[in-house]
Amino acid sequence: MKYQSQLVAKPYFIAALALFFGQIVFGLVAGMQFLDGTFLFSAAHFNIVRMTHTNLLIVWLLMAFMGAAYYIVPEEAQTELYSPKLALITFWVFLIAAALTVVGYLLVPYAHLAAITGNAIVPTMGRGYLEQPLPTKIGIVLVALSLLFNVTMTLIKGRKTSINLILVGALCGLALLFLPSFYFPEDTVKASYSWWWIVHGWVEGDWELILGALLGFILIKMTGVDREIVEKWLYIIMAMVLISGLVGIGHHYYYIGAPAYWIWLGSIFSAMEPIPFILLIAFAFKMLFQRRREHPNKAAMLWAMGTPIMAFLGAGVWGFMITLAPAQYYIHGTNFTAAHGHLAFFGAYAMVSMAIISYTMPMLRGREANSVKAQHWEMTGFWIMVLSMIGIALALTGAGIVTAFLQRSGADPMGFMQVQDRARVFFWGREIAGASFFTGLLVYLRSFFIKGEYQYTGEVKRALAT
Amino acid sequence: MKNGLLHILKPCTAAWLSLLALAAISFQLAYDKPGRLLMVFVLVLTLLKGQLVVDYFMGLRHAGPVWRATMGAYLIAVGTLIGIAYLIS
Amino acid sequence: MQEVFTKSMARNIFLGSAVFFLIIYLALTYDTWQQIPVRDHADKMTASVIRGKYLVDTNDCIGCHTINGEGSYYAPELDNVYKRRGPEFIKLWIPAQPSGVVGRRQMPHFNFTPAQIDDIVAYLQWLSNVDTNHWPPNIEG
Amino acid sequence: MAGPGPAHYGHFIMQTALTDDRLQQSRGQPLPGDFAIWVFIFAELTVFGVLFVAYAFTRSAHVDLFNASQLTLNRTYGFANTLLLLTSSYFVVRALRAIKAGRHTACGNWIAGALGLGAMFLLLKLVEFHQDFARGITLSANLFYMFYLSLTFFHFMHVAMGMVILAVVAVKAYAGRYTADNHTGVETGASYWHMVDLVWILLFALVYVIH
């Protein structure tokens, strides 16, 4: 850490991990409700639990991205953050708004929440991931504007590296792409069509750029590879993201009422969407093999190398399985999609967030790297979470395939609930894997409470002294 | 005489004139009665045109053999798949 | 020797392809926007249908159900529920929830007025006539 | 070895990195132009390739529809456009030859000529699109027209993009920014333009000719 103002990233990262913890708890409850439909029915119905689960995901990822921005932008710009105070105020506004929203979800019936927050004036509620009431949405915009103002002013007065330009540009894109959430047409098909501007635009477009920037930053810092090489590869990878992803949005338009040509255009372009992830793996490992230094933070390196692989698995492989129109015809709107969603969100965005947290947190706490013991706990947590998430994805994939065969095909298709009963074993599998994931998360969080910094061995110390 | 002509013309000019001629032939054949032989013929003409562009316009005949082979493989793969699709119809 | 792979060229390609594919997407969106009202019979979106949609949104139906495959996978697809169950069944079903069967997934009780239930049914009827390229594959949704 | 680094930087591994340049040499001569454009060209060719193959296999399931619809296209326009693009590609080749000989004004002139031909291509294609729309041909009219319009519109956009690139190259050429030794920019623009030409050759044969 070179600049004092980078310290504002710390509360963001801590809050991100706390919200992550909350997200998993709600995930476990939702998973349980698949097994026992009356579990917590009167306290928190499935839709509320699910909405809290997904909204916490979005908020903690945004928290992590913002923390990353407040850490990276000053370091790359080689100047103090424009206003650390504003960043801190923004943090509390965001955290309190998020907490109030969750409390609102849990205590007030959704329709009532809509009525008291002015949804009738500007209807925005009732879409996946965008369930937030109007005041929260406005709050998100204000928080984003504050972040953009702060990092842009920092960028203007400092060095303009490509990593910084990409990161700030992608954050602008993130804010811009949120604006369609205020547009909710009465025509359901138009509403679906425009909903994907936000959801696809974020997770299959803009966030991939953020992922690239964060990963690029970590790799430059940890491997000591020439910045020019890292940055030009980043540009090429991001160009591939946009080439495949912009028209690739068509893979969401096959069966929602949009014209039939999207079946062709969406299939062809989205079939290329794994390419940037393949390039990302190649890029990350190329940097690893070309490294000019051994960084003592092995855990951060593990996260950084794991991210492209898991992102490729979740977004690339699982995404590809459901992206072609003939396959999607049978698995659209099944748990197969949920499998892809889980593995991709975790593999790409949760993992890159933990990579940046893993790299920066020791420095924010005044040491280059954590002690070997703390890193050992962290890496154990990594493996448990990664393997458990693969387990969750496999179980949900199984449930999706059951639906595709029993409910979607055959001469005598079964009804929804009948099929759900047949898929019960997979829901058990998901819940067990989920509990295992939770264990991994606890192990991971435990690592933050182990004190001490990395101790070089005597041999290395001597080598450094000569 | 032919050698003489090639001597006068630069390779790229010769390639350009050949491309124009091949395009004219394709255009004429567009009005012919459909048939498999004709289809294969036009497809081969097209791939030939493509290879001319790759070699003489893009200048890949000077580039490494790997790149030239990559482009050649692309043309052959696309051409073969199109040919199969037309033959099974 | 000149550099064969420059950062500025990589950046130009990134920016160029961003603009390029955005234009293509916008052009396609323009065409889609003309087609959608035809495909979903927007002329049949009566005031009742629109009121029904508002109820479906503000009660977070997609928190459990899917509509045209989008939403959650906890409860059945609503795109063709009108054709699967018929209006009378739906009108009886919604106010009768929750079923209270132990262990079975429960649908909350929403306190809808009969007029509101009519609106929801009108919306579901409109929804069932949207041209979704023959999806879902069968009546079970 | 350079002096001891600060302790918190850890120890350095003295490892020679395989640089991009050496990577290039190990695969024979480099491709003309900037390597980045070739990543782009290969990606674009893949998309078009898949579209062409998809067209061909869709046609095999709807032969009569495709043959009948194909007859309604104006093949003369297609042929004229082929000649325009081939010739403009040739002009670009001449432009590259000119700059290799150090004649930057001639290089600019050849590219300007290519741009003129490209503009004529766009104009002719617009006339054709206009006539198509007037006849009620849309993306949703039938499968053939869906492919025809997607492919030609997508390619149309590539021509427009290629012209933007060539225009930049022409301006820089006239300004004397390229020399006999330093003309990667010209090669880069030329490579892209030839790709556009190559795609049209395949597209013309597939959509207008083969039946």
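Order of the sequence lines fixes the chain letters, A, B, ..., with proteins taken first and strands second; residue numbering starts at 1 for each chain.
- At least one test fails for C:Lys7 against the ring of A:Tyr235: distance under 6.0 Å to the centre or angle within 45° of the axis.
- Using a 30° and 60° split on the angle between ring planes, A:Phe34 and C:Tyr74 fall in the perpendicular class, above 60°.
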Between C:Arg39 and A:Val189, does a side chain to side chain contact (heavy atoms under 4.5 Å, CB included) hold up when you go through it step by step? CA-CA 9 Å; C:Arg39 295 174 62 91; A:Val189 179; over 6 Å; no
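- No side-chain donor-acceptor contact under 3.5 Å links A:Thr188 and C:Trp126.
- With chain A as the partner, the residue from C:Leu55, C:Thr29, C:Ile139, C:Val38 showing the most heavy-atom pairs under 4.5 Å is C:Thr29.
- In this structure, A:Arg430 is not positioned above the aromatic face of C:Tyr73 in the sense of NZ or CZ being under 6.0 Å from the six-membered ring centre and within 45° of the axis.
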Going through the checks in order, is the side-chain hydrogen bond (donor to acceptor under 3.5 Å, both in side chains) test met by C:Asn133 and A:Tyr329? CA-CA 9 Å; C:Asn133 295 326; A:Tyr329 187 64; over 6 Å; no
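- A donor-acceptor contact closer than 3.5 angstrom is absent between the side chains of A:Tyr255 and C:Asp79.
- The aromatic rings of A:Tyr193 and C:Tyr25 lie parallel to each other, with less than 30° between the two planes, well short of the 60° mark.
- Of the possible donor and acceptor atoms, one in the side chain of A:His332 sits under 3.5 Å from a partner among the backbone N and O of C:Asn68.
- Geometric assessment of A:Lys232 against the ring of C:Phe14 yields a negative cation-pi assignment under the 6.0 Å and 45° thresholds.
- Considering only heavy-atom pairs separated by less than 4.5 Å from chain A, the leading option among C:Ser17, C:Gly141, C:Ala18 is C:Gly141.
- Between the side chain of A:Tyr254 and the backbone N or O of C:Thr132, no donor-acceptor pair lies under 3.5 Å.
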